[in-house]
Every structure is written in C-alpha cells, then in structure tokens.
S.K.: 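Below is a structure I'd like to ask you about.
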Amino acid sequence: MDCSSSDGHSPDTNPDADSTVRASSAVRRALHLIQSEDPDLKLQAAGEIRRLTKTSQRCRRQLSQAVGPLVSMLRFYSPEFHEAALLALLNLAVKDEKNKISIVEAGALVPIISFLKSQNLILQEYATASLLTLSASASNKPIISASGAIPLLVDVLRDGSPQAKADAVMALSNLSTDPSNLSVILETKPIPYIVDLLKTCKKSSKTAEKCSALLESLVGFDEGRTALTSEEGGVLAVVEVLENGSLQSREHAVGALLTMCQSDRCKYREPILREGVIPGLLELTVQGTPKSQSKAKMLLQLLRESPYPRSEHQAGTLENIVSNIISKIDGDDQSGKAKKMLAEMVQVSMEQSLRHLQQRALVCTPTDLPITTRASEVSSK
C-alpha cells in the first residue's frame, strides 16, 4: 500500500488517488494511536503499523516516529503486546537502515534479548527474527555483540524451533562479518549445532548458504577447524553443499575446505578426500562462480599432491587423473576437455569412495546407520 500524499491528479486521471489518500490517513491515525495512553489503542496501532509497513518502503519512512512507542511496548506490557510490537518493529526495519539503527538506539535490544530466553516459543521466534534483521546493519553489529546476544542466539540454534534455528544462524552469519565478533562466536562452540542444521536443511536453501558462510569464517581459526573435523559428518555436510548447494553456498563450502587444507594440508587432506569431494570440485572448475572456480583449482592442487614420491605404476590413479585435468582446464578448450574428463573422474572417484565406505562399514556397529546410508547413496549414483 502506497502511503504517499496525493500527487495532484484528480481521481478521474489517477485511479490510485483515493487509495493514496486513505493510506496517508491511516498513517496519521496509526501514529496518533501509538502515542495513546490506552493499552488497547496501542495494541491496535501496532497491528496497523505492521499492516501498513508490510510491503511499503514509503510507509516505513513515514512511520519511523512510531519506533520509540513500540519499543516502550516491549518493556511494559504482556506477551500479547510484546509480539505485536516486535512484528511492527520487524516490518519497520526491513530494508530501512535508518529504522534499524533507530530501533537499537531506542533501547530495543535489552527486551529483545530477554525474549530469546522466553519459554514462549512464538515470542522467541519473533525476537530471533528481529535480531536477524537488525544485525544486517553494520552499525548495529558491534552493539548487538556487546549486548550479549551471541551466546543466546547459539542457545536458540541448539534448542529453538526450526524457524528460530534458521533465523539464529542467519543472524550469527550477519554478525560474523564483523571480524571482532568471530572470537565471541567461537567461544560459544556453535559448530556442532551449525552442522546439525546444515545436515537437515535443503542444500540449495538460504539457510545452507548462511551455515556455509559462517563455517567458512570459523574455520579460519584452529578451534573452528578442529571442531568441524571432530563433529561426526561435519566435513561431509560441507562437501554435500559443495555438490548440491546454490552457487553462493558452493563458493562458501569450497572456501571453507580450501582454508582448512591451506592451514595444514597434511592434517586435513585425508578427511576432505575421504568424503568424496573430487567430483564436486571438478564440476566447480567448470560451472562455479569465478571465485569458486579459482578456489576449486587451488584445492584440487593441494589434494592431488602427495607428500610421498609416486611410483611409475601409479600413473592411472585418482591423483594423477586429477593432475591431468588440472593441466588441461587452463587451455583454450577448457570446458570441453574438463567436461569430457569429468565423467571419467566421477566414475573413478565414486569407485574409490565406495571401497573406502565399505571398508568402514565392516567395522561399524549396527547403529552406525549414516555410514551405511552414505555407502548406499554413493553406489546408487
């Protein structure tokens, strides 16, 4: 709904004039009601503000004066008022940098953070969504971190509803773009919960993209790399995003694996190779973003180079096939040669991965279902 004033045309020449006038009147009415001392009128106003700002950027600007009264509602009224005020503030903040900053400056963080600990899961969801939106502002990131929100967001990531978990990881990802926040995030030991979410979410989803982005930042630290490789299925979850994620997700996934291998190739080469990463990397060298292509080539180089001398009879092994591909994809007919050799690479790699997984399955207990399942998935491809 457009909240601007009439542009001077008559209703006969401007069919939207009447609705524009009504919208402007609704904005004035909402601003009047939100200032009322009557709690019921405030509640009504919050609903109107939420409705008016749902899709209109102009309304968000015109209703910016409502920020203060809405923040006050977060402090003094019942959960019904908290929820109504949070939803109105959330809509006011969407795609509006000034309102994001104003909401934080008005003191909204203290009550919002308290709601993260609420047993009311709906209120917890709305509070998490609010922090997700507010954390998109560069100005707000250090303030949110200093307020103690990060450990509570990790708690939500561990125990919250599915929607709250997704919003929590996105908020943490937003906060992680401020380098000063990374150590704070690492101290909360979030990687097991990020991996759990990454395992269950759709690999092409926005949630997977933010999980991958967050992991890419965290594995820049030794604690992050150790946590990811120590977590059952952690590296595999990243490899699956590299194979099946969105272009941006795959870029983050290959970046995470490259960071690990560059930090200590001898330590991380085998855990990465063990999860059958080669086919996905080869595909990225042809079909990824420019950054993905570059990172995939660098990682393939690190993965193919053995610290031990090769014997002549190894000429047909997996590492030498990769070496041949790397030497050819920089040529003029890059795409054709890489794609032709990709089929061969996939077959060899899958056979090797299947043999490895079958060997692991021999020593598994009956409860080790993920390994058996993974072997079945590999053999069916």
Side-chain angles (χ1 to χ4, degrees), residues 128 132 150-176 181-246 248-261 263-264 267-277 280-281 299 353 357 360 364 367-375 377-378:
T128 307
L132 163 59
I150 287 175
L152 294 174
L153 284 170
V154 174
D155 288 343
V156 173
L157 181 57
R158 181 188 62 211
D159 299 322
S161 68
Q163 184 61 56
K165 288 181 178 181
D167 287 345
V169 83
M170 291 185 192
L172 288 167
S173 180
N174 283 348
L175 293 171
S176 73
N181 287 337
L182 285 172
S183 60
V184 182
I185 295 172
L186 269 175
E187 287 172 2
T188 66
K189 304 186 184 306
I191 286 182
Y193 316 124
I194 300 171
V195 169
D196 283 344
L197 183 57
L198 192 55
K199 286 178 180 178
T200 56
C201 72
K202 188 176 180 181
K203 299 303 180 286
S204 58
S205 66
K206 195 71 174 178
T207 300
E209 179 184 322
K210 294 301 183 180
C211 285
S212 302
L214 188 52
L215 287 174
E216 183 181 15
S217 296
L218 296 178
V219 297
F221 299 81
D222 184 59
E223 309 96 287
R225 295 188 290 273
T226 300
L228 182 61
T229 51
S230 300
E231 185 66 21
E232 179 68 29
V235 175
L236 175 58
V238 177
V239 170
E240 288 178 336
V241 172
L242 185 147
E243 294 173 337
N244 302 309
S246 66
Q248 196 60 48
S249 296
R250 299 177 79 186
E251 185 176 304
H252 290 308
V254 71
L257 297 177
L258 178 60
T259 296
M260 293 171 66
C261 213
S263 71
D264 191 336
K267 183 176 182 179
Y268 295 112
R269 178 176 179 271
E270 177 58 28
I272 294 172
L273 279 173
R274 188 164 57 227
E275 304 301 351
V277 71
L281 286 176
L299 183 54
S353 297
L357 290 167
R360 288 170 61 189
C364 287
T367 58
D368 288 326
L369 294 178
I371 293 176
T372 305
T373 302
R374 179 62 176 170
E377 289 173 354
V378 171

S.K.: Grab the two heavy atoms, one from Glu275 and one from Pro271, that are nearest each other, plus how far apart they are.
M.R.: CG-O, 3.6 Å

S.K.: Please name the pair of heavy atoms, one in Leu214 and one in Val169, separated by the smallest distance, quoted to 0.1 Å.
M.R.: CD2-CG2, 4.0 Å

S.K.: At what distance, to the nearest 0.5 angstrom, does OH of Tyr268 lie from CG of Leu257?
M.R.: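 Between atom OH of Tyr268 and atom CG of Leu257 there are 12.0 Å.
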
S.K.: Does atom NZ of Lys199 have more than 12 heavy-atom neighbours from other groups under 6.0 Å away?
M.R.: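 Counting neighbours around NZ of Lys199, more than 12 heavy atoms of other residues, nucleotides or ligands fall under 6.0 Å, so yes.
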
S.K.: Hey, are the side chains of Val219 and Val238 touching, using non-hydrogen atoms and a 4.5 Å cut-off?
M.R.: no

S.K.: Is there a side-chain contact between Pro190 and Leu218 (heavy atoms, below 4.5 Å)?
M.R.: yes

S.K.: For a quick test of reading the model, state the closest non-hydrogen atom pair linking Ala168 to Thr128 and the distance between them.
M.R.: N-CG2, 3.5 Å

S.K.: Do you know the tightest heavy-atom contact between Gly280 and Leu242?
M.R.: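 Heavy-atom minimum between the residues: C-CD2, 3.4 Å.
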
S.K.: Side chains of Leu228 and Met260: closer than 4.5 Å at any heavy-atom pair?
M.R.: yes

S.K.: Check Glu216 against Glu251 and note the closest heavy-atom contact, atom names and distance.
M.R.: OE2-O, 4.4 Å

S.K.: Could you walk me through whether Arg225 and Ser263 satisfy the side chain to side chain contact (heavy atoms under 4.5 Å, CB included) test, starting with their C-alpha distance in whole Å, then the side-chain angles of each, then the deciding distance to 0.1 Å, before giving a yes or no?
M.R.: CA-CA 9 Å; Arg225 295 188 290 273; Ser263 71; 3.0 Å; yes

S.K.: Strictly distance-based, threshold 3.5 Å: is any side-chain N or O of Ser205 a donor or acceptor partner for the main-chain N or O of Cys201?
M.R.: no

S.K.: Donor-acceptor pair, Lys203 side chain versus Ser246 backbone, under 3.5 Å?
M.R.: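 No, the answer is negative, given that no donor and acceptor are paired below the 3.5 Å cut-off.
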
S.K.: For Leu132 and Met170, work out which heavy atoms get closest and say how close.
M.R.: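 What the structure gives for the nearest pair is CD1-CB, 3.4 Å.
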
S.K.: Check the pair Glu231 / Ile194 against side chain to side chain contact (heavy atoms under 4.5 Å, CB included), numbers first and verdict last.
M.R.: CA-CA 10 Å; Glu231 185 66 21; Ile194 300 171; over 6 Å; no

S.K.: Report the distance from atom OG of Ser212 to atom CZ of Arg250, rounding to the nearest 0.5 Å.
M.R.: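 The distance works out to 11.5 Å.
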
S.K.: Is any side-chain heavy atom of Ser176 less than 4.5 Å from a side-chain heavy atom of Leu182?
M.R.: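 Yes, close enough: below the 4.5 Å cut-off.
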
S.K.: For the atom pair CG (Leu172) and SG (Cys211), what is the distance rounded to the nearest 0.5 Å?
M.R.: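 Going from CG on Leu172 over to SG on Cys211, the span is 9.5 Å.
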
S.K.: Take Leu215 and His252, measure what side chain to side chain contact (heavy atoms under 4.5 Å, CB included) needs, and give me the verdict at the end.
M.R.: CA-CA 8 Å; Leu215 287 174; His252 290 308; over 6 Å; no

S.K.: Can you tell me how far the CG atom of Leu273 sits from the SG atom of Cys261, to the nearest 0.5 Å?
M.R.: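 It is 7.5 Å, given to the nearest 0.5 Å.
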
S.K.: Quickly, which of Leu186, Thr226, Ile185 forms a side chain to side chain contact (heavy atoms under 4.5 Å, CB included) with Phe221? Name it, please.
M.R.: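 Of Leu186, Thr226, Ile185, side chain to side chain contact (heavy atoms under 4.5 Å, CB included) with Phe221 is met by Leu186 alone.
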
S.K.: Is there side-chain contact between Asp159 and Lys165, with at least one heavy-atom pair below 4.5 Å?
M.R.: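 Heavy-atom side-chain distance check fails, nothing below 4.5 Å.
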
S.K.: CG/Asp155 to OG1/Thr188 distance, rounded to the nearest 0.5 angstrom?
M.R.: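 Taking CG in Asp155 and OG1 in Thr188, the distance rounds to 8.5 Å.
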
S.K.: What is the distance from atom CG of Asp196 to atom CD1 of Ile191, rounded to the nearest 0.5 Å?
M.R.: 12.0 Å

